[in-house]
Amino acid sequence: MSKHIIFHIDVNSAYLSWEAAYRLQQGDSLDLRSVPSVVGGDPLTRHGIVLAKSIPAKKYDIKTGETLYSALSKCPDLIIAKPNYLLFRQCSQALGDILKEYSPLIQQFSVDEYFVDFTSLDQLWGDPLKAAYLIKDRVKNELGFTVNIGISTNKLLAKMASEFQKPDKVHTLFSEEIPEKMWPLPIEELFMVGRATSQKLLSRNIKTIGDLAHTDPRILRTTLKSHGILIWNYAHGIENSPVRPGGRVKVKGMGNSTTLPFDVDSRKEAHLVLLSLVETVSARLRHDQYFAQLVAVSFRTHEFLSYSHQRKISHPTDCTNEIWEIACELFDELWKGQPLRHMGVRVSELCHNDFLQLSFFERDYEKDRKIDQTIDVIRERFGSHSIMRSSYLHSGLKAMTGGVIAEEEYPMMTSLL
DNA sequence: TCTGGGGTCCTAGGACCC
DNA sequence: TCTGGGGTCCTAGGACCC
């Protein structure tokens, strides 16, 4: 079996770079990337966290995920831009379009990451390293933002390589380079080692990826179960999942959740929020022609405690009203009256149902189906806010909450890589 | 003006069945 | 006398990713 050549393409500070490139293109003279700046939500509606930061902002020790309040206290002159998700999606797709010219085997891994299988494409494009530079520079010149490209023989090592020095760089991380390039790194920089795992490893004095690689995997197994074996393999560069081209991986579930602009403390209001979440979830369900057999609600209280409650339902459904009724039931069973800052609805156990089975004991949802269909058509034609239930008037709540339907959904994090 | 939103996978414990 | 044991399904919570 011949060795694979895999590229991992990672947009540098994606949201921030995209916004910066857009502003320059609009005639703005300031490049956000050259000053301390972040993309972040609106603190007034309690969405105030850093989504992406410029390299100068990083010098102030500003971190992704921290509050804007805290970021501003570190750097009072910080420039804050609002996220423009439509722009982000367009930039993401434009990058994918360029990559497709080089290989048919590309996989979108997230909004700002792609894997490209370059195996046996060197006859076409020459030396992989040269090709990577070519791609990187083309993206910079044509799209106005920079990427890092990592090159190796599997996805894990390619991804680790793209994390090396930024921005606008190409790095390799082949097996023989692992001790020199990867083992000195702190443990938390290994893919799949998050906060909880790094805490456990540090308490056992495992500080670097090299330390992890040289730990007896049986010890890891006892403390971290199968995850311990996974990261031990990763520390040795062992990983062999294929680059999945094009077509979507089967989606397992879909959900919408939102942090509310104010604490919700009445049942009626909570039910209204649930409806606004169910409206988008069920519309996505219908758009992708799925039915769900499991409904889950979750919330986070004012004290930041999280709860969830789920139930399998007797027959698959995509009906707004039906899912809403179940969500309300679940909510009522779970909620003890705490003030709520965040609420979510998620459906899963999806199936394609070409025919609808109606049990004798279920109520007839045929009328609801017709209404759902009609509303979907109106919203598609005139926008998602063109029609809403009157109960939202003066409620201070949005009638639909959550992401818009993406024209072209990409497969999200599938099993690990 | 403190702390997003979208996912997937794993684990533990209980119910239930044979 | 004592307290099987394996399998599956369901649920809640936690871990990780971007």
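Below, chain A is the first sequence line, B the second, and so on; all start at residue 1. Predicted model only: the values in this text are computed from it and were never measured.
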Sugar-phosphate only, base, or nothing, as touched by A:L44 at under 4.0 Å among non-hydrogen atoms: nothing

Separation between the C1' atoms of C:dG4 and B:dC17, rounded to whole Å: 14 Å

Sugar-phosphate only, base, or nothing, as touched by A:T197 at under 4.0 Å among non-hydrogen atoms: sugar-phosphate

Whole angstrom value for the distance that separates C1' of B:dT3 from NZ of A:K63: 15 Å

Ring-base stacking, A:F191 with C:dC17 (5.5 Å, 30° cut-offs): no

Residue mapping more 5' on DNA chain C - nearest nucleotide basis, A:R311 or A:L190: A:R311

Candidates A:H171, A:K169, A:E113, A:H8 - the one meeting side-chain hydrogen bond (donor to acceptor under 3.5 Å, both in side chains) with A:S162: A:H8

Partner nucleotide of C:dC18 by Watson-Crick or wobble geometry (both distances under 3.5 Å): B:dG5

Sugar-phosphate, base or nothing in reach of A:R46, heavy atoms under 4.0 Å: sugar-phosphate

Anti versus syn assignment for C:dC2, with syn defined as within 90° of 0: anti

Sugar-phosphate, base or nothing in reach of A:D112, heavy atoms under 4.0 Å: sugar-phosphate

Spacing of A:M343 atom CE relative to B:dG6 atom P, expressed in whole Å: 14 Å

A:R300 charged N/C atom sitting above A:F304 aromatic ring, 6.0 Å / 45°: yes

Sugar-phosphate only, base, or nothing, as touched by A:E113 at under 4.0 Å among non-hydrogen atoms: sugar-phosphate

Steps toward side chain to side chain donor-acceptor pair (under 3.5 Å) verdict (A:D168, A:N12): CA-CA 7 Å; A:D168 199 20; A:N12 302 126; over 6 Å; no

Residue A:N256, side-chain atoms from C-beta onward, closest of C:dA12, B:dC9, B:dG6: B:dG6

Rounded distance in Å - NE2 (A:H309) to P (C:dG13): 10 Å

Sugar-phosphate, base or nothing in reach of A:G40, heavy atoms under 4.0 Å: nothing

Contact under 4.0 Å: A:R300 side-chain N or O vs B:dG4 OP1/OP2: yes

Pair A:Y290 and A:H352, ring centroids less than 6.0 Å apart: yes

Sugar-phosphate only, base, or nothing, as touched by A:G48 at under 4.0 Å among non-hydrogen atoms: sugar-phosphate

Length of the line joining A:K225:NZ and B:dG13:C1', which is rounded to integer Å: 14 Å

Spacing of A:I49 atom CD1 relative to B:dG4 atom P, expressed in whole Å: 6 Å

Integer-rounded Å distance: C:dC17 C1' and A:Q107 CD: 13 Å

Side-chain donor-acceptor contact under 3.5 Å, A:Q108 with A:S92: yes

Euclidean distance, atom CG of residue A:N84 to atom P of B:dG4 [Å, nearest integer]: 21 Å

Sugar-phosphate only, base, or nothing, as touched by A:S70 at under 4.0 Å among non-hydrogen atoms: nothing

